[in-house]
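Inspection log for the structure reproduced underneath, given as structure tokens.
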Amino acid sequence: KARIRPKPTADTVLLKDRLLCLLQPPLDGLFDGRTLSVPFEPFPYQLEGIAFLMPRHSALLADEMGLGKTCQAILSLRLLFHQGQIRQALIICPKPLMHNWARELKLWAPDLPFEPFDGDAEQRRTTWFVSNCPLKLINYETLSRDADLAADPKVYFDAVVLDEAQRIKNKESKTAQTVRSIRRGRSWAISGTPVENSHDDLVNLFAFLDPGRIPPDTPPKHLSRYTSDCILRRTKDLVQSDMPPKLYKDLEVDLTPAQRQAYSLAEEEGVIHLNELGETISVQHVFQLVMRLKQICNFDPLTGESAKLEQLLSDMEEVAASGRKAIVFSQWVEPLEILAKALEPFGPLQYHGRIPQHERTPILDRFKADPDKHVILMSYGTGSVGLNLQFTNYVFLFDRWWNPAIEDQAINRAHRVGQRHPVTVTRFLAGDTIEQRIASILEAKRKVFNDLLAQADKPTTMGLTESEIFGLFDLKARPKRGAA
């Protein structure tokens with residue numbers, strides 16, 4: 001079979017640079033477990049993405065959402081570090097994706113130390129000027145606050161990677177100006193929607209990638225002659241043969257300050273109340289606290305702020321831009337009704353227990369037929385069984401169900417016989433909350449049951465046991481035998 005190798009770019013003119021490229025070992029032999037350890041071998045199209053990125057000093061990876069752009073960027077950086085071609089790199093991403101990048105770096109580059117920009121201004125100054133960690137991770141908001149430090153002549157990175165690079169489409173914004181001010185060797189950008197409004201979005205992106213590559217006043221129809229060598233875009237349709245049937249993305253978000261304050265207060269007061277119940281405590285008492293905390297993880301009760309909604313809005317921009325459709329699941333109807341208002345630009349439809357039975361089939365028919373209806377909002381109870389939505393390519397679990405089997409049933413509304421494209425499943429999780437504790441227990445259960453391959457069906461006992469429910473909090477109180 002044909003081997004996948006990095007190739008010299010169109011503007012690589014020096015013989016030694018072209019030879020350096022041509023003498024690299026093929027990428028499809030590097031990730032077989034003997035050379036570099038990876039959790040699983042990248043798909044051929046991902047290797048082609050790595051071969052695209054590695055030799056380029058200016059590159060835009062514009063794959064459709066769900067194709068693993070993060071993985072491709074990380075493996076490309078990892079190889080360049082191993083080859084000694086780069087020694088210092090910076091990744092810039094939206095604040096909600098910091099946890100995701102940290103997790104993916106640990107997964108795909110466990111041998112590559114990285115350091116996020118945390119703490120107060122003095123701590124961040126140390127990260128900018130003193131730390132010798134090879135890879136640093138910063139969000140756009142922190143970068144804007146540190147604009148003076150980022151522009152300091154002493155700051156230099158061999159590679160700067162922008163995630164969700166459409167964030168700098170406004171050339172005059174402080175974020176865009178700060179990003180462009182960083183002294184760097186390689187400029188890479190990742191975006192599934194690099195052009196959101198007009199061709200100017202792409203022109204402004206190239207002001208970071210390669211200033212001067214696009215001559216002033218270039219007509220839109222001529223842009224490709226200057227940019228084509230720097231852009232790689234694949235859609236799910238193009239790489240379908242490489243793809244697994246389902247792609248899972250666990251997305252951890254940080255609660256907004258208002259949510260965190262409400263959550264901490266509710267948890268503290270709730271645990272005190274439960275301990276005061278003594279032997280009269282029951283599973284139902286604990287469940288009441290769990291449900292309250294989970295609802296705060298969705299929306300702050302006072303301000304309505306929602307870290308999950310911020311990320312969902314960003315993801316839906318890309319879903320709609322690619323002409324796709326999505327299902328959003330929640331345990332409750334109330335969040336779905338709030339989401340319906342926030343997602344108005346995407347033509348949301350609702351499908352849950354408050355929708356009369358005779359209206360439900362017409363809603364599904366409209367969702368399938370109307371190209372402007374990009375999202376349907378469903379409750380697990382109503383939407384998890386008996387529906388065929390195989391024309392949908394994205395599933396978002398806004399909050400998690402108690403039982404992984406119910407989640408799987410919900411996901412299978414989209415992923416079923418007749419589905420011609422991979423289905424991307426995004427599971428939202430609020431970091432450092434009850435959601436994280438529940439998810440870790442359920443994931444362990446899911447693994448145990450998946451390992452029991454001899455069983456034809458998953459057991460019905462995949463939910464939390466009584467002891468696991470009490471174990472979610474630091475409770476001294478326990479019920480009398482048989483009380484719960």
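Worth knowing before you read on, the calculation uses all heavy atoms, side chains too, and leaves out hydrogens, waters and symmetry mates. Because the structure is predicted, anything quoted here is derived from the model rather than measured.
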| field | Residue pair Leu162 / Tyr140: nearest heavy atoms and the distance that separates them | value | CB-OH, 3.7 Å

| message | Do Gln331 and Trp401 make a side-chain contact, defined as non-hydrogen atoms from C-beta onward lying under 4.5 Å apart? | response | yes

| Okay, side chain of Ser322, backbone of Val319: is any donor-acceptor separation there less than 3.5 Å? | yes

| Picking from Arg400, Lys308, Arg427, what satisfies salt bridge (charged side-chain N to carboxylate O under 4.0 Å, His left out) with Glu435? | Lys308

| said: Using a 6.0 Å cut-off, check whether atom CZ of Arg437 has over 12 heavy atoms from anything other than its own residue. | reply: yes

| message | Let's go through Gln46 and Glu48 carefully: what are the C-alpha distance in whole Å and the side-chain angles of both, what is the deciding distance for side chain to side chain donor-acceptor pair (under 3.5 Å) to 0.1 Å, and is it a yes or a no? | response | CA-CA 5 Å; Gln46 292 177 319; Glu48 290 166 2; over 6 Å; no

| request: State, with a plain yes or no, whether a side-chain heavy atom of Val375 is found less than 4.5 Å away from one of Tyr394. | output: no

N/O donor to acceptor pairs below 3.5 angstrom from side-chain atoms of residues 333-343, sequence neighbours left out:
residue : atom : partner : partner atom : Å
Glu334  : OE2  : Arg354  : NH2          : 2.7
Glu337  : OE1  : Arg354  : NH1          : 3.3
Glu337  : OE2  : Arg354  : NH1          : 3.3

| message | With a 4.5 Å cut-off on side-chain heavy atoms, are Pro110 and Ser37 touching? | response | yes

| If you draw a 6.0 Å radius around NZ in Lys95, do more than 12 non-hydrogen atoms from other residues or ligands fall strictly inside? | no

| message | Applying the side-chain contact (heavy atoms from CB on, under 4.5 Å) criterion to Tyr263, which one of Ile296, Asp300, Asp432 satisfies it? | response | Ile296

| Can you find a heavy atom in the side chain of Leu289 that is under 4.5 Å from one in the side chain of Leu472? | no

| query | Within a reach of under 6.0 Å around CD of Glu122, are more than 12 heavy atoms found that belong to other residues, nucleotides or ligands? | reply | no

| query | Any chance CZ of Arg125 has more than 12 other-residue heavy atoms, nucleotides or ligands included, within less than 6.0 Å? | reply | no

| request: Look at the side chain of Arg233 and the backbone N and O of Ala62, then say whether any donor-acceptor pair between them is shorter than 3.5 Å. | output: yes

| message | Please give me the minimum heavy-atom distance between Ser191 and Leu60, naming the atom from each residue. | response | N-CD1, 4.4 Å

| request: Could you tell me whether the side chain of Leu377 reaches within less than 4.5 Å of the side chain of His352, counting heavy atoms only? | output: no

| request: With side chain to side chain donor-acceptor pair (under 3.5 Å) as the test, would you mind laying out the steps for Thr178 and Ser144 before giving the verdict? | output: CA-CA 6 Å; Thr178 304; Ser144 292; 4.9 Å; no

| said: I'd like to check Met98 versus Leu137 (side-chain heavy atoms, cut-off strictly below 4.5 Å). Are they in contact? | reply: yes

| message | Can you see whether Phe391 has Lys325 sitting over its ring - NZ or CZ less than 6.0 Å from the centre and within 45° of the normal? | response | no

| request: Evaluate whether atom CG of Asn132 has more than 12 neighbouring non-hydrogen atoms of other residues, nucleotides or ligands under 6.0 angstrom away. | output: no

| Does the side chain of Lys136 reach to within under 4.5 Å of the side chain of Gln88, using non-hydrogen atoms? | yes

| Chi angles and distances behind the salt bridge (charged side-chain N to carboxylate O under 4.0 Å, His left out) call for Glu141, Arg167 | CA-CA 11 Å; Glu141 293 77 7; Arg167 290 285 291 266; 3.0 Å; yes

| request: Provide the closest heavy-atom pair for Leu255 versus Ala307 in the form atom of the first, atom of the second, distance. | output: CA-CB, 4.2 Å

| task | Could you give me the CA-CA distance, side-chain angles and deciding distance for Arg360 and Thr382, then say whether side-chain contact (heavy atoms from CB on, under 4.5 Å) is met? | result | CA-CA 10 Å; Arg360 295 184 183 180; Thr382 307; 3.5 Å; yes

| request: Report yes if some heavy atom in the side chain of Phe398 is under 4.5 Å from a heavy atom in the side chain of Ser306; otherwise report no. | output: yes

| Do you know the tightest heavy-atom contact between Met316 and Ala326? | SD-CB, 3.9 Å

| said: Quick test of your reading of the model: are Glu104 and Lys249 salt-bridged, counting only N-O distances below 4.0 Å? | reply: no

| field | Salt-bridge criterion met for Asp254 and Arg260 (N-O under 4.0 Å) | value | no

| request: Decide whether Gln166 and Glu164 meet the rule of one side-chain donor and one side-chain acceptor closer than 3.5 Å. | output: yes

| said: Is the ring pair Trp128/Phe117 parallel, tilted or perpendicular, if the boundaries are 30 and 60 degrees? | reply: tilted

